[in-house]
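Written below as structure tokens is the structure these notes are about.
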Amino acid sequence: MAAKQTVLLLGATGTAGTEVLSGLLADDSFHVIAFTRPASATSPAVAKLRERGVSIRVGEVRAPVADLVPHLKGIDILVSALGPNAQLAQLNWVDAAKEAGTKRFVPCGFTTISPRGGAMLIRDEKEQVHDRIFFQKVPFTIIDVGFWHQLSFPWLPSGKADYAITMFPVKEIYGDGNAPNLLTDMHDQGRFVARIIKDPRTLNKRVVTYSDELSQSQLWEIAERLSGETIPRNYVSKAEAEEQLRSALEAVKNAPPGDWMARAALFGAQYNHSKFIRGDNTLENAKYLGYLDARELYPDFKPVTFEDFMRGVLAGKATKAYGGQSIEDKLGGRNAFRVEDAAVA
């Protein structure tokens, strides 16, 4: 039997990190250690990690490289699930991984397919981390997952699915509604990650996961067929989406430094424009950008399809992403920010 690989997970108490953690713990190939800040070391969330048999290392995520290197001693794989305001904090972790001889670094990806260079701020910040990885020649695997089912399903007029809505109901169809998009159930994210990071074929590669490639029109049709309801189709034109994007960019430009809510609004506008207007989040584009297809790598893997997910929603069995909290509540106030609690890729 092969020796277990030791994984250090950043952002283990956030939603993305929790899903990754569950996938790793379900696989006997790994010994998992969670990294937490001193202020969180005695929190209920970290206590629950210990109850699950997870070892804990305590330190500051934004520490200097010299302080991070000792945390990587004995670590085979470093996996980051840090939040959107913490992407550039990974730069020092890259340098520390180089010095410590980490065998594989999985930076925080877990997002939609899009190009670098202005389509999405969150993508460009992630790519800065990738550039540092390439510069340092640190072994890596970059994993993106499209968009979660939990954030994609349309609002039902009956209110039957309101309990499963994470932050805001999805009521708008962008463009003509026919842009295909890659989707992954959030509970499959960790299962995919566990497969991917122990696979020698994925070393120094990008990998994309998905269960479906569906347009908004198709999502509406599935939800209508399963629920028996007629769901309004409120279209947002290309011009309107571009105006939303322009306005969000201007708001960030004029906001105080570190204003998370302005950045969050920009992220939302950019996701909508990239997915539905530009048409970035597709398997064809992923392969163009050099991604391996996780469904081709693991043909035996049975992901939760969007239709299966929607059946669960209607049966009252769905789980809210982010615990159902608003972004503002999640971060503890308009400009407050906690790296671990905001682990939203």
Side-chain angles (χ1 to χ4, degrees), residues 6-26 30-75 77-97 100 102 105-110 122 125-126 129 166-167 186-187 189-190 193 258-261 263-264 319-345:
T6 300
V7 178
L8 181 66
L9 177 59
L10 310 180
T13 58
T15 296
T18 297
E19 297 300 336
V20 171
L21 177 65
S22 294
L24 296 177
L25 291 179
F30 306 108
H31 168 61
V32 185
I33 301 173
F35 187 87
T36 187
R37 302 175 309 137
S40 300
T42 58
S43 69
V46 174
K48 289 181 180 179
L49 296 182
R50 290 191 171 97
E51 290 171 4
R52 299 178 72 183
V54 178
S55 301
I56 305 296
R57 289 191 183 178
V58 180
E60 295 293 345
V61 170
R62 300 177 186 272
V65 173
D67 293 343
L68 298 179
V69 172
H71 293 298
L72 291 172
K73 296 298 184 183
I75 299 299
I77 304 172
L78 172 62
V79 179
S80 172
L82 294 178
N85 269 17
Q87 293 305 293
L88 300 184
Q90 296 175 97
L91 296 173
N92 279 1
W93 283 96
V94 175
D95 294 347
T102 303
F105 182 18
V106 181
C108 184
F110 314 128
I122 189 68
E125 292 185 346
K126 290 174 187 289
V129 178
T166 296
M167 298 172 193
M186 74 176 189
H187 300 309
Q189 182 167 302
V193 169
D259 188 324
W260 160 248
M261 295 306 289
R263 279 172 58 94
T319 304
K320 288 183 180 180
Y322 317 128
Q325 293 175 293
S326 70
I327 292 176
E328 188 168 344
D329 288 342
K330 188 69 175 172
L331 299 184
R334 180 173 177 81
N335 292 312
F337 177 66
R338 286 166 49 102
V339 168
E340 293 166 344
D341 287 349
V344 181

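In this text, all values refer to a predicted model and were calculated from it rather than measured experimentally.
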So how far is it from Leu82 CG to Leu10 CG, rounded to the nearest 0.5 Å?
5.0 Å

Spatial distance of atom NZ (Lys73) from atom CD1 (Ile75) [nearest 0.5 Å]:
11.5 Å

Residues Pro38 and Gly59: closest non-hydrogen pair is CD-O, 3.5 Å

To the nearest 0.5 Å, what is the distance between CD1 (Ile33) and CG (Leu78)?
11.0 Å

Indicate the atoms forming the closest heavy-atom contact of Asn85 with Arg62, along with that distance.
O-NH2, 3.3 Å

The test is side chain to side chain contact (heavy atoms under 4.5 Å, CB included); show your working for Val20 and Leu9 and say whether it passes.
CA-CA 9 Å; Val20 171; Leu9 177 59; 4.1 Å; yes

In Å, rounded to the nearest 0.5 Å, how long is the span from CG of Leu8 to NE2 of His31?
10.0 Å

Provide the full list of ring-ring contact (aromatic ring centres under 6.0 Å, His included) pairs with a residue in residues 40-70, sequence neighbours left out, each pair given once.
none

Aromatic rings Trp93 and Phe35: how do their planes relate, parallel, tilted or perpendicular, breaks at 30° and 60°?
perpendicular

Donor-acceptor pair, side chain of Gln189 and main chain of Met186, under 3.5 angstrom
no

Grab the two heavy atoms, one from Leu72 and one from Ala97, that are nearest each other, plus how far apart they are.
CD1-N, 3.5 Å

Can you tell me how far OG of Ser40 sits from CD1 of Ile56, rounded to the nearest 0.5 angstrom?
10.5 Å

Which atom pairs, one a donor and one an acceptor, fall under 3.5 Å between side chains of residues 48-55 and the rest of the protein, sequence neighbours left out?
residue, atom, partner, partner atom, Å
Arg50, NH1, Ala41, O, 3.0
Arg52, NH2, Ser22, OG, 3.1

Check Val129 against Pro107 and note the closest heavy-atom contact, atom names and distance.
CG1-CB, 4.1 Å

What are the two closest heavy atoms between Ala45 and Thr13, and how far apart are they?
CB-CG2, 3.8 Å

To the nearest 0.5 Å, what is the distance between CZ (Phe110) and OG1 (Thr15)?
13.0 Å

